[in-house]
Amino acid sequence: NNFMIQKLVFLDRDGTVIVDPPDLRVDKVEKIELFPDSIESLKYLADNNFSVIFITNQAGIAEGRVTEKEFWQIHDEVLRRLAPSNIHIIKTYVNGESAGPNATEWRKPGPKMLQQAAKDFGLNLQDIYIVGDNQSDIQAGINAGCKGGILVKTANENVESPNAIFTAPHLIDAVKYIVTNS
């Protein structure tokens, strides 16, 4: 079914589609909170024939804050809440390592999750934007050879990324940029 994936966006999850809690760990269902424009943004993508792959670092797994099983239970609830947008979420790639010198290339800013997605679904990374709230998202896109990284200031309005192709105040601004420039 690879040929059916026409247009795609890589999306970070925490701080981009759902609110990053104060302790930066979505380690229980009660902590899930969508941004006010998440449904609208994903609907805009869906209406323009885009699908989504989530690319998420989850250091809470390495820290023992959440098990991998619990992560997927929480994530299933996130997907359930995003369902009204009609967005097709093809897959979620997750890396549970902590940041630091021992992290592998599977943890963003490493490119491995994006490269694996390209391999799994026959994608051309040069056609795909990555959207995230962090410099590591932008850098992962650059390291993987993506079309560009789009920084959203949703989690931290002071965040900067000189390498971002576009900086958006909100997710809706990011997806409009993608649709216009694809």
Side-chain angles (χ1 to χ4, degrees), residues 5-27 29-60 71 74-95 108-109 113-114 117 123 125 127-144 146-182:
I5 302 172
Q6 312 247 311
K7 298 191 280 187
L8 182 84
V9 178
F10 289 128
L11 272 187
D12 173 53
R13 193 191 74 172
D14 304 358
T16 301
V17 176
I18 64 174
V19 177
D20 236 348
D23 66 357
L24 306 181
R25 298 289 180 265
V26 182
D27 50 13
V29 169
E30 294 72 40
K31 286 172 144 181
I32 300 169
E33 183 192 345
L34 298 184
F35 283 107
D37 68 345
S38 291
I39 298 284
E40 178 194 358
S41 301
L42 293 178
K43 185 179 183 330
Y44 189 82
L45 286 175
D47 289 348
N48 285 280
N49 302 312
F50 279 84
S51 301
V52 161
I53 289 179
F54 278 116
I55 307 282
T56 178
N57 285 348
Q58 293 290 327
F71 165 79
I74 293 164
H75 191 63
D76 284 345
E77 176 59 21
V78 172
L79 299 185
R80 197 185 66 74
R81 295 194 197 177
L82 295 175
S85 70
N86 287 326
I87 191 71
H88 178 215
I89 297 164
I90 294 170
K91 190 165 177 174
T92 297
Y93 292 84
V94 56
N95 178 275
K108 293 178 293 186
M113 286 194 280
L114 289 79
L123 307 171
L125 290 169
D127 294 336
I128 304 174
Y129 290 104
I130 184 168
V131 182
D133 64 307
N134 207 294
Q135 170 62 22
S136 66
D137 300 305
I138 306 306
Q139 198 56 48
I142 291 167
N143 291 342
C146 284
K147 187 169 185 179
I150 298 174
L151 186 72
V152 285
K153 297 195 167 217
T154 38
N156 172 7
E157 58 189 32
N158 299 316
V159 69
E160 296 292 336
S161 175
N163 308 331
I165 204 161
F166 182 67
T167 299
H170 302 285
L171 187 56
I172 191 70
D173 307 297
V175 299
K176 287 183 173 168
Y177 177 91
I178 289 168
V179 169
T180 304
N181 291 282
S182 291

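Count residues from 1 along the sequence.
Residues Gln58 and Val94 come closest through the heavy atom pair CG-CG2, 3.5 Å. Nearest heavy atom pair, residue Arg13 against residue Val26, reads NH2-CB, 3.9 Å. Smallest separation of non-hydrogen atoms from Tyr93 and Ala117: OH-CA, 3.3 Å. Annotation for Ser182 and Lys147: closest pair CA-NZ, 3.9 Å, computed over non-hydrogen atoms. Closest approach of Thr16 and Thr154 over heavy atoms only: CA-OG1, 3.9 Å. Heavy-atom minimum distance, Leu82 versus Ser38: CD2-CB, 4.5 Å.
Phe35 contributes atom CZ, which lies 10.5 Å from atom OG of Ser41 (distance to the nearest 0.5 angstrom). Distance check, rounded to the nearest 0.5 Å: NZ of Lys91 to CD1 of Ile55 gives 10.0 Å. Note that OG of Ser51 is 6.0 Å distant from CD1 of Ile87, once rounded to the nearest 0.5 Å. For the atom pair Ile172 CD1 and Leu42 CG, the distance stands at 9.0 Å (nearest 0.5 Å). A distance of 4.5 Å separates CG of Leu123 from CD1 of Ile128, quoted to the nearest 0.5 Å. Atom CG of Asn86 is separated from atom CG of Asp47 by 8.0 Å, given to the nearest 0.5 angstrom.
Side chain of Asp23 to backbone of Arg25: a donor-acceptor contact under 3.5 angstrom is found.
Using a 4.5 Å heavy-atom cutoff, the side chains of Phe71 and Thr56 are in contact.
Of the candidates Thr180, Val175, Asp173, Asn181, Asn181 is the only one forming a side-chain contact (heavy atoms from CB on, under 4.5 Å) with Tyr177. With Leu11 as the fixed residue, the side-chain contact (heavy atoms from CB on, under 4.5 Å) test singles out one of Thr92, Leu171, Ile130: Leu171.
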Test side chain to side chain contact (heavy atoms under 4.5 Å, CB included) on Tyr44 and Asp37 and set out the steps.
CA-CA 10 Å; Tyr44 189 82; Asp37 68 345; over 6 Å; no
Audit row: Ile178, Val131, side chain to side chain contact (heavy atoms under 4.5 Å, CB included) steps and yes/no
CA-CA 10 Å; Ile178 289 168; Val131 182; 3.5 Å; yes
Go through the steps to decide whether Asn156 and Asp133 satisfy the test side chain to side chain contact (heavy atoms under 4.5 Å, CB included), and finish with yes or no.
CA-CA 7 Å; Asn156 172 7; Asp133 64 307; over 6 Å; no
For residues 159-166, dump all side-chain donor-acceptor pairs below 3.5 Å to protein atoms at least two apart in sequence or in another chain.
residue: Glu160; atom: OE2; partner: Lys153; partner atom: NZ; Å: 3.2
residue: Ser161; atom: OG; partner: Gln135; partner atom: OE1; Å: 2.4
residue: Ser161; atom: OG; partner: Ala164; partner atom: N; Å: 3.4
residue: Asn163; atom: ND2; partner: Gln139; partner atom: OE1; Å: 3.1

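For Asp12, the salt bridge (Lys or Arg N to Asp or Glu O under 4.0 Å) partners at least two apart in sequence or on another chain are Lys108. Residues that satisfy the salt bridge (Lys or Arg N to Asp or Glu O under 4.0 Å) test with Asp27, not counting sequence neighbours, are Lys31, Arg65.
Salt bridge absent: Glu40 and Lys43 never bring a charged side-chain N and a carboxylate O closer than 4.0 Å.
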